[in-house]
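These notes concern the structure reproduced below.
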Amino acid sequence: QVQLVESGGGLVQPGGSLRLSCAASGRTFSGYTMGWFRQGPGKEREFVARITWTSGMAWYTDSVKGRYTISRDNAKNMVYLQMNSLNPEDTALYYCNAGPFSGHYGSRSPGEYWGQGTQVNVSS
């Protein structure tokens with residue numbers, strides 16, 4: 001079965017950077033998309049970024065464009081989220097997500113598999 005394990009969260013000052021990692025296992029992810037979602041205090045879970053496993057095509061929610069970069073390492077079955085210029089509004093529990101690619105670039109709908117999440121706190 002698919003297992004997603006996030007790491008890399010923590011406390012960072014405004015303007016700082018963090019890199020989240022997601023270790024994926026349990027199947028071959030060719031034909032899948034891998035993504036990141038987040039849920040801030042008192043907020044609903046929201047889409048952050050997604051990447052296609054095979055081609056590496058990526059897309060982002062508007063609030064993180066230019067600051068976040070999603071990437072994957074196919075050989076290691078890893079997905080990363082590089083987060084720069086962090087601000088307090090980025091504070092959230094960040095989840096790794098995976099599912100079959102629908103063919104729709106730009107989709108914000110989550111896939112069926114979730115990790116447990118890693119907490120990111122941006123505060124001075």
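Please read all numbers here as calculations on a predicted model, not as lab measurements.
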I'd like to know if the side chain of T52 and the backbone of M57 have a donor-acceptor N/O pair within less than 3.5 Å.
yes
Please check: side-chain N/O of N97 versus main-chain N/O of M34, any donor-acceptor pairing under 3.5 Å?
no
Spatial distance of atom CD (Q13) from atom CG (N121) [nearest 0.5 Å]
13.0 Å
Short question: side chain of R67, backbone of S85 - any donor-acceptor pair under 3.5 Å?
yes
Please work out whether the ring planes of Y94 and Y68 are parallel, tilted or perpendicular, with thresholds of 30° and 60°.
tilted
State, to 0.1 Å, how close T69 and Y60 come at their nearest heavy-atom pair, and which atoms those are.
CA-OH, 3.4 Å
Could you check whether any side-chain N or O of S107 sits under 3.5 Å from a backbone N or O of S109, counting only pairs where one atom can act as donor and the other as acceptor?
yes
Are the side chains of V120 and L20 in touch, meaning some heavy atoms are under 4.5 Å apart?
yes
State whether the number of non-hydrogen atoms from other residues, nucleotides or ligands found under 6.0 Å of Q116 atom CD is greater than 12.
no
Any idea how F29 and W53 line up, ring-wise: parallel (<30°), tilted (30 to 60°), or perpendicular (>60°)?
tilted
Sub-4.5 Å side-chain heavy-atom contact between S123 and L11:
yes
Minimum heavy-atom separation for T91 to P41, with atom names?
O-CD, 3.7 Å
Can you check whether F37 reaches Q39 side chain to side chain, under 4.5 Å on heavy atoms?
no
Compare all side-chain heavy atoms of C96 with those of W114 and state whether any distance is below 4.5 angstrom.
no
What is the minimum heavy-atom distance between Y113 and L4, and which atoms define it?
O-CD1, 3.6 Å
Okay, side chain of Q3, backbone of S25: is any donor-acceptor separation there less than 3.5 Å?
no
Could you list the residues that satisfy side chain to side chain donor-acceptor pair (under 3.5 Å) with N74, not counting sequence neighbours?
R72
Can a donor-acceptor pair be found, under 3.5 Å and without considering hydrogens, that links the side chain of T118 to the backbone of G9?
yes
Is the closest side-chain heavy-atom distance between Y95 and C22 below 4.5 Å?
no
Looking at side-chain heavy atoms only, is the closest gap between T61 and R108 below 4.5 Å?
yes
How are the rings of F101 and W59 set relative to one another: parallel (under 30°), tilted (30 to 60°) or perpendicular (over 60°)?
tilted
Are the side chain of T28 and the backbone N or O of S30 linked by a donor-acceptor pair below 3.5 Å?
no
For L81 and A49, the nearest pair of non-hydrogen atoms, with its separation, is CD1-CB, 4.2 Å
If every non-hydrogen atom of E6 is compared with every non-hydrogen atom of G117, which pair is closest and at what distance?
OE1-N, 2.9 Å
